[in-house]
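Comments concern the structure below.
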There are 2 protein chains.
Amino acid sequence: MKVAKFGGSSVADASMIKKVAQIIMSDDDRKFIVVSAPGKRYSSDIKVTDLLVELGERFVNAQPVDEVQAKIVERFQTMIENLSLSESILDDIKETIDTVLHDDRLEDNRLDALKAMGEDSLAKILSAYLQSLGKKATYMNPRDAGIIVSDEPGSAQVLDESYELLAKLRNHDGIMIIPGFFGYTKDQKLTTFPRGGSDITGAIVAAGVKAKLYENFTDVDSVFCVNPTIVDNPKEIKELTYKEMRELSYAGFSVFHDEALIPAFKAKIPVCIKNTNNPEKEGTMIVSNREQGSTGTVVGIASDKGFLSLYVSKYLMNREIGFGKNLLQILVDEGISFEHAPSGIDDMSVIIREDELPLEKEQVVIERIKNELDVDMVAVERDLAMIMLVGEGMNSTYGVASRSTQAFANACVNIEMINQGSSEVSVMFGIKEEAMERAVQSLYEEFFES
Amino acid sequence: MKVAKFGGSSVADASMIKKVAQIIMSDDDRKFIVVSAPGKRYSSDIKVTDLLVELGERFVNAQPVDEVQAKIVERFQTMIENLSLSESILDDIKETIDTVLHDDRLEDNRLDALKAMGEDSLAKILSAYLQSLGKKATYMNPRDAGIIVSDEPGSAQVLDESYELLAKLRNHDGIMIIPGFFGYTKDQKLTTFPRGGSDITGAIVAAGVKAKLYENFTDVDSVFCVNPTIVDNPKEIKELTYKEMRELSYAGFSVFHDEALIPAFKAKIPVCIKNTNNPEKEGTMIVSNREQGSTGTVVGIASDKGFLSLYVSKYLMNREIGFGKNLLQILVDEGISFEHAPSGIDDMSVIIREDELPLEKEQVVIERIKNELDVDMVAVERDLAMIMLVGEGMNSTYGVASRSTQAFANACVNIEMINQGSSEVSVMFGIKEEAMERAVQSLYEEFFES
């Protein structure tokens, strides 16, 4: 049995929902369907979830809500009409939103409950539509499905007992349509996952029902091996391991947040990225292990800007037990998480994302390092980019290091930092931001065009 | 004015001492001479300092000492005879050693005092010899010279007040012969520096008298750019910066302990490595700054075995503020100093010298990491070698990274770790020990023969 998740663009309007229905019906294994809220129909369009957020904020600030509320209802009304479904579904949706808006018991979970109405309503529409096509389809509320979460509005974490409850659904007859993005706390409060949470719901359901495959339908044919805004029509990745996926998504590779897949990762359920508009395309498989042969090669190039290097030098540093620890301790005290810490004999650099160390905090940190560690020099270099080559077993292949460094040289890009040696799956290069595009292009040429 | 230090092999016997005298007299700027104890005359010979250590240990353990004592006296006697110096010098030496051996006030400093007799006696002999050649030369005991040290027998540290006292010697007339390797505590206890301490004395004197040059006479023409046991007749280094010297000496490059030069480094006094047997050779200069032009190139390749990598992996490690710090904290608690800590997304390796983490300690550390950091995996890989390319400004030169990694690939050596990005002066590679020689040879070809 398969779990199929359809993203916002896949359910933006009636015509998309028809495509989705076709996809579902074309494979009897697709028993569990998780849906997002309707996304944009055209670039200037507004996502239903954004409208719901606006609705909630206006309500909380006692501003008029009718106009926004009408817009939301209209989105669903058009869908329902174009799918020739009964009025009663719209009434149900309207009523639910109204209840959420005015139910006094909700208070601090009201915003979460409202935000979730997009997914919830769409699940109702899709199941009704499948029924209208003669399919046995059931809308299943996450509460009834057994998705129990922590009481952290807007950033809920799934609780382990959910999986046993979900497992019971395996025997359920027909197709189940489950709205993504939210679950219920033990005391029945609707609580949402972080944004993009429908991917999380899909992964949780896939893990719970022990699906043989988690299909993630989106609007791209597959995952590209490099950022397509940097390289034109880059090669598509047929197969990725979880670890490769995770390392890629670390640096600007955002098919979706890698955390979203964790439940599937842990249950070792393969994930397939597919395109709702092009379902016959095989897409990209994300698996726990790549079969031999294809290992040892570079599968992707990730790149991201906005890093800085905190450089500290102190004569005889490497004779000082605990220096590195003390330096990192200062960062921990200041709540700064660091990425890497390459060190020389008498110097150490800490690579940090710029948003972790805003300028005002920078002064505090520099002062503390000067005063507490008695260093000879401390300096911050901003505007750095990180480029990451990813591929299982890559680092145990002769020549990958030389080919990649040669690619930088060819592009006349000086390498500020090389970090290889821990992960067998990746090697990371730090360079100046302005050089990122040409460096990535040169690496792409070397590893994917030669 | 110059300070010239002569090592053990330079003063091993009378014929060497004659060479030393010639060198001193050939340059009127050589006003301050620091000497080691007589070293080996032939490979199976015993250094005088080793005889003195044996003498001390036998004495402490109430074993017969006459034979060893006789051997020591004989070494000096032969010298004195071959230099046709007066018997009185030998009597003075014999008497001093005897006093040190039996003076009850010495007790815990007796071993230090004995160990120092090699340098002390030789300084007396050399000054007497120079006098016999009609030179105005004075033996100067470190106490009278003003070398005041901390009370740490066998590993004394110089105290800052020494430099002011030494400065007074500038006006002294004639040549001063100062025995290396020891100083006196504030309460007049003779205390020795760590082994190789004559280099330290030389650097201290050079800094104190503000010499224009510190000449370090040894038995090699100059510093080689690579370990000559790995590459036959490697190129000689004409000029090194302090920082390059220090980074080179980190990994198996041992002309002398880099710490020995610290006093000269700090006073920015250039150091020259010269050969007593070949004094007209210009040798290798160690300076604070290399003049432009010659920067940006690789000046040396250092290599050393005996490292291990402590590998830790934990899913979502990079979301965990403080993980790196906590890992290093465990090492600090166990008194283990680490060299480098390359980190991936979900894994981190700590490079440690094997002698820092013996097998029995390894288990303790691994258990603590498992229990306290709740990691997915922790493993230790031993038998690693570190290879370091050193050269000021090297890392800001295009292509150094690609040329070096290519050199590894040419030798079919897989790179386990690359550490670049902190020091501008070096890049470090971690590889398997068995591959070290061929990797170094390949790097030498690339950077010094092409």
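Quick note on labels: first sequence line is chain A, next is B, and so on, each numbered from 1. Any value given below was found using the heavy atoms of this structure, including those in side chains, with hydrogens, waters and symmetry copies removed.
A salt bridge links A:Glu381 with A:Lys432: at least one charged nitrogen is closer than 4.0 Å to a carboxylate oxygen.
Between chain B and the options A:Ala401, A:Gly430, A:Ser426, the largest number of non-hydrogen pairs under 4.5 Å is found for A:Ala401. With chain A as partner, the option from B:Val413, B:Val427, B:Leu331 having the largest number of non-hydrogen pairs under 4.5 angstrom is B:Val413. Listed options B:Lys243, B:Met417, B:Lys325 were ranked by heavy-atom pairs under 4.5 angstrom with chain A; first place goes to B:Lys325.
Residues from residues 403-412 of chain B that place a non-hydrogen atom less than 4.5 Å from a non-hydrogen atom of chain A comprise B:Thr405, B:Gln406, B:Ala409, B:Cys412, given in numerical order.
B:Ile200 has its side chain out of reach of B:Val158: every pair of non-hydrogen atoms, C-beta onward, lies at least 4.5 Å apart.
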Evaluation steps, side chain to side chain contact (heavy atoms under 4.5 Å, CB included), between B:Ile369 and B:Leu310: CA-CA 11 Å; B:Ile369 291 172; B:Leu310 175 68; 3.7 Å; yes
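Of the two parts of B:Ile336, only the backbone, made up of N, CA, C and O, holds a non-hydrogen atom closer than 4.5 Å to a non-hydrogen atom of chain A.
Surrounding NZ of A:Lys268 are at most 12 heavy atoms belonging to other residues, nucleotides or ligands under 6.0 Å away. Around atom NZ of A:Lys361, more than 12 heavy atoms belonging to other residues, nucleotides or ligands sit under 6.0 Å away. Atom CG of B:Asp355 has more than 12 neighbouring heavy atoms from other residues, nucleotides or ligands inside a 6.0 Å radius.
In this structure, B:Ser150 contributes its side chain and B:Gln157 its backbone to a donor-acceptor pair below 3.5 Å.
Of all heavy-atom pairs between A:Phe429 and A:Ile418, the closest is CD2-CG1, 3.9 Å.
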